[in-house]
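Position 1 is the first residue of the sequence; numbering continues from there.
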Amino acid sequence: LGMFSELKFPVPWGHVAAKAWGPSEGHPVLCLHGWLDNANSFDKLIPLLPRDCYYVAMDFSGHGLSSHRPAGSPYHFLDYVSDVRRVAAALQWRRFTLMGHSMGKKTSLNAQPLFLIYCFISPQFSFLYPEMVDKLILLENLGILLASEDTEEWLKSKRMVIDRLLSLEANQQTPKARSPEAALQRLLEANRHLTAEGGAILLQRGATETPAG
């Protein structure tokens, strides 16, 4: 298990990098690193673990060898949960073990305690997609806390956001070229409150002319 291979998974802003140990047919284990770390966090741990598993340690976006998100884009916890979902889909893993590491330490910013809990992503993913996680292994984690009355609504809304996003990405198509008349008709069908004059005004700035239409 000292030997590893490098992996890359395409995402809309570039790629998510990962490194893998063990037989690809082994039991799948996805490893999530901590705050400002990268997949190398697991270099010393993986050789000590069972050899019949396939360990994939991913670099979160903006970490390690993974692409940064576009300048000005935030790095929210739910975005990292989406990254985990993307990698699982690319690996075609329907059910796997999730192992997350958090720095779990307290530091200070302007004398105020600041908890940076990267392993928070592992419980979030397991909470949102319990059918995909057979075991959850947490290293230095504080867990996830939700008021009981918020749980169902949180699950429903967050999972819907991720699923819709990945569905849109998976079904990306080359934009169709249309005649100006057909483009206007399409716009009016999708926005029935628009008049033809209003739609034509919007299309002046909202459409790009190409040789095909």
Sub-4.5 Å side-chain heavy-atom contact between [X] and [Y]:
X    : Y    : result
Y55  : P50  : yes
V81  : K158 : no
L128 : V161 : no
R86  : V16  : no

Same apolar cluster: M160 and L165, side chain cutoff 4.5 Å: no

Hydrophobic cluster identity match, L32 and F77, side-chain contacts under 4.5 Å: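 They do share one cluster, since a chain of ILVMFWY contacts under 4.5 Å joins L32 to F77.
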
Does [atom1] belonging to [X] count more than 12 external heavy atoms closer than 6.0 Å?
X    : atom1 : result
R95  : CZ    : yes
E197 : CD    : no
Q92  : CD    : no
E189 : CD    : yes

Could you report the tightest heavy-atom contact between [X] and [Y], atom names first, then the distance?
X    : Y    : answer
P123 : L136 : CA-CD2, 4.3 Å
L65  : H15  : O-NE2, 2.8 Å
A200 : L184 : N-CD1, 3.6 Å
I162 : S82  : CG1-OG, 3.5 Å
P130 : R159 : CD-NH1, 4.3 Å
A39  : W21  : O-CH2, 4.2 Å

Y80 and F60 aromatic ring geometry - parallel, tilted or perpendicular at 30°/60° bounds: perpendicular

Whether H33 and H63 hold their rings parallel, tilted or perpendicular, with breakpoints at 30° and 60°: tilted

Is the backbone of [Y] close enough, under 3.5 Å, to the side chain of [X] for a donor and an acceptor to pair up by distance?
X    : Y    : answer
Y75  : R69  : yes
D134 : T97  : yes
N191 : L187 : yes

Could you measure the distance from the [atom1] atom of [X] to the [atom2] atom of [Y]? Nearest 0.5 Å is fine.
X    : Y    : atom1 : atom2 : result
E25  : C53  : CD    : SG    : 11.5 Å
L188 : T195 : CG    : OG1   : 8.0 Å
W35  : I121 : CH2   : CD1   : 9.0 Å
D43  : K19  : CG    : NZ    : 3.5 Å
S61  : D79  : OG    : CG    : 8.0 Å
W93  : Y54  : CH2   : OH    : 6.5 Å

Derivation and outcome, side chain to side chain contact (heavy atoms under 4.5 Å, CB included), residues F125 and M132: CA-CA 9 Å; F125 184 90; M132 296 185 69; 4.1 Å; yes

Contacts of type salt bridge (Lys or Arg N to Asp or Glu O under 4.0 Å), residue D59, not counting sequence neighbours: none

Criterion side chain to side chain contact (heavy atoms under 4.5 Å, CB included) on L49 and M99, from CA distance to verdict: CA-CA 12 Å; L49 300 181; M99 180 163 62; 4.0 Å; yes

Check against side chain to side chain contact (heavy atoms under 4.5 Å, CB included), S122 and L138: CA-CA 8 Å; S122 304; L138 303 178; 3.8 Å; yes

Chi angles and distances behind the side chain to side chain contact (heavy atoms under 4.5 Å, CB included) call for Y129, D163: CA-CA 11 Å; Y129 297 97; D163 289 347; 2.6 Å; yes

